[in-house]
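A short write-up of the structure that comes next.
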Amino acid sequence: MTFSPITGAYPLARPRRLRQSPWVRDLVAETRLSPADLIWPIFVHDKDKARDPIASLAGVDRLSIAEAVKDARDARDLGIPAIALFPNIDARLRSDDAKAAYDPDGLIAQTCRAIKAAVPDIGLIVDVALDPFTSHGHDGILEGERIHNEKTIEILIQQAIVQAEAGADIVAPSDMMDGRIGEIRKAFEARGLGDKLIMSYAAKYASAFYGPFRDAVGTNALKGDKKTYQMDSANSDEALREVAMDIEEGADMVMVKPGLPYLDIVQRVSETFRVPTFVYQVSGEYAMIKAAVEKSYADHDKAMFETLLAFKRAGASGILTYFARYAAEKMK
Ligand code: PBG
């Protein structure tokens, strides 16, 4: 994009002319937000309870499969194009080899089938990663202290196939193993799943803002950090290399995560590659806004819409956000 900053000089130029009333501000707005920009992350659980509130994520519940189907229908009716599923499974089903991740009758596979049967026209995104299924909460298979890249990919491939065959339209690998996009893409081609989309969490940073999510999926016992696989927040060029690799390996869409602290990355990725670039306003970002509002430090809707618009302004094609349903209702 080329932009000439030449505007003329005051008083011939008065930028305030374009701000003097709502209609003219509307007329010249460079960025717009609509429900079609939103992806709604939803948590499902295997407890005998329709809705289980998540303490650190005000207004977000873990859902039974039946409730998830209802929310999927609401999303569709509100014009939200897609939902993203995350599981919280019983601790007894978690293991070091994460075998519940590819159970064709597991919680996620069952939820996919139920949603696709009832609401076939919602886009269904499922996270490919092992952390909700491992006993230790890491996104991979441990060998000693290290996450083993190739052993982990073997499981991720099976997980992605189970999800896709259960009806997921988009698989979204969030694990940050090297080479996993290519291996999943090859496995899909070999099994007649060539139409399935891959949204790669390509530039995912080791972040302090994932806390409430770990509470939601029950991995808060995690020891240590994820710095040997998730990115260092000091780095920007490295994000471009990660994205380039994932596109080359067959990703259809890429993601930057978290959102607000990494708007520069969203902008660089979208301007460099011109592929659909998504951003995840993560649990800690959502919780921060909720906490500020609770203390009366900010107005809820204004703070929410300002952040969502910021993602669009930075170049995001869409935003994963826990505000999705509420924001879409407000925009109606
Ligand atoms: C795990 C995963 C995480 C999130 C999405 N997938 C957490 C993590 O990497 O520890 C975070 C989402 C959020 O905080 O809202 N593979």
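Whatever order the structure lists ligands and atoms in, that order sets their numbers, starting from 1. The shown structure was predicted, so the numbers you read here are calculated from the model rather than taken from an experiment. For this chain, numbers begin at 1 and follow the sequence in order.
- Scanning the protein for heavy atoms near atom 8 (C) of ligand 1, the closest one is Lys226 NZ, 3.3 Å.
- Between Glu143 and Arg146 no salt bridge is recorded (no basic side-chain N to carboxylate O distance below 4.0 Å).
- Within the listing of ligand 1, atoms 8 (C), 9 (O) sit less than 4.0 angstrom from a heavy atom of Gln230.
- Under 4.0 Å from ligand 1, the heavy atoms of Asp127 that appear belong solely to its side chain.
- When non-hydrogen atoms are compared, ligand 1 lies under 4.0 Å from the side chain of Ala129 (C-beta onward) but not from its backbone.
- Note: Tyr205 and Tyr262 have parallel aromatic rings, judged against thresholds of 30 and 60 degrees for the angle between ring planes.
- A salt bridge (Lys or Arg N to Asp or Glu O under 4.0 Å) check over residues 82-93, counting only residues at least two apart or in different chains, returns the pairs Asp90-Arg92.
- Atom 4 (C) of ligand 1 has as its closest protein heavy atom Lys257 NZ, 2.6 Å.
- The heavy atom nearest to atom 15 (O) of ligand 1, considering only Phe86, Tyr286, Tyr322, is found in Tyr322.
- Remark: minimum distance from atom 14 (O) of ligand 1 to any protein heavy atom is reached at Ser283 OG, 2.7 Å.
- Checking Gln281 against Thr307 by side-chain atom types alone, a donor-acceptor pair falls below 3.5 Å.
- Remark: ligand 1 atoms within the under-4.0 Å shell around heavy atoms of Tyr280 are 12 (C), 15 (O).
- At a 4.0 Å cut-off, not a single heavy atom of Gln281 sits close enough to ligand 1 to count as contact.
- Heavy-atom contacts of Asp139 reach the following atoms of ligand 1: 1 (C), 16 (N) (cutoff under 4.0 Å).
- A donor-acceptor contact under 3.5 angstrom links the side chains of His300 and Lys290, judged on distance only.
- With hydrogens left out, the protein atom closest to atom 12 (C) of ligand 1 is Phe213 CD1, 3.3 Å, a heavy atom.
- Ligand-side atoms of ligand 1 in range of Arg214: 8 (C), 10 (O), range being under 4.0 angstrom from any heavy atom.
- Annotation: Phe323 is not in aromatic contact with Phe305 [ring centroid separation under 6.0 Å not met].
- Scanning the protein for heavy atoms near atom 2 (C) of ligand 1, the closest one is Lys204 NZ, 3.2 Å.
- For the pair Lys204 and Tyr210, the cation-pi criterion (under 6.0 Å, within 45° of the ring axis) is fulfilled.
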Using atom types as modelled, flag every donor-acceptor pair under 3.5 Å from a side chain in residues 122-133 to any protein atom, sequence neighbours excluded.
residue, atom, partner, partner atom, Å
Asp127, OD1, Tyr201, OH, 2.7
Asp127, OD2, Ser174, OG, 2.7

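- Salt bridge Asp77/Arg325: absent, no basic N to carboxylate O contact under 4.0 Å.
- An N or O contact shorter than 3.5 Å links Asp131 to ligand 1 by distance.
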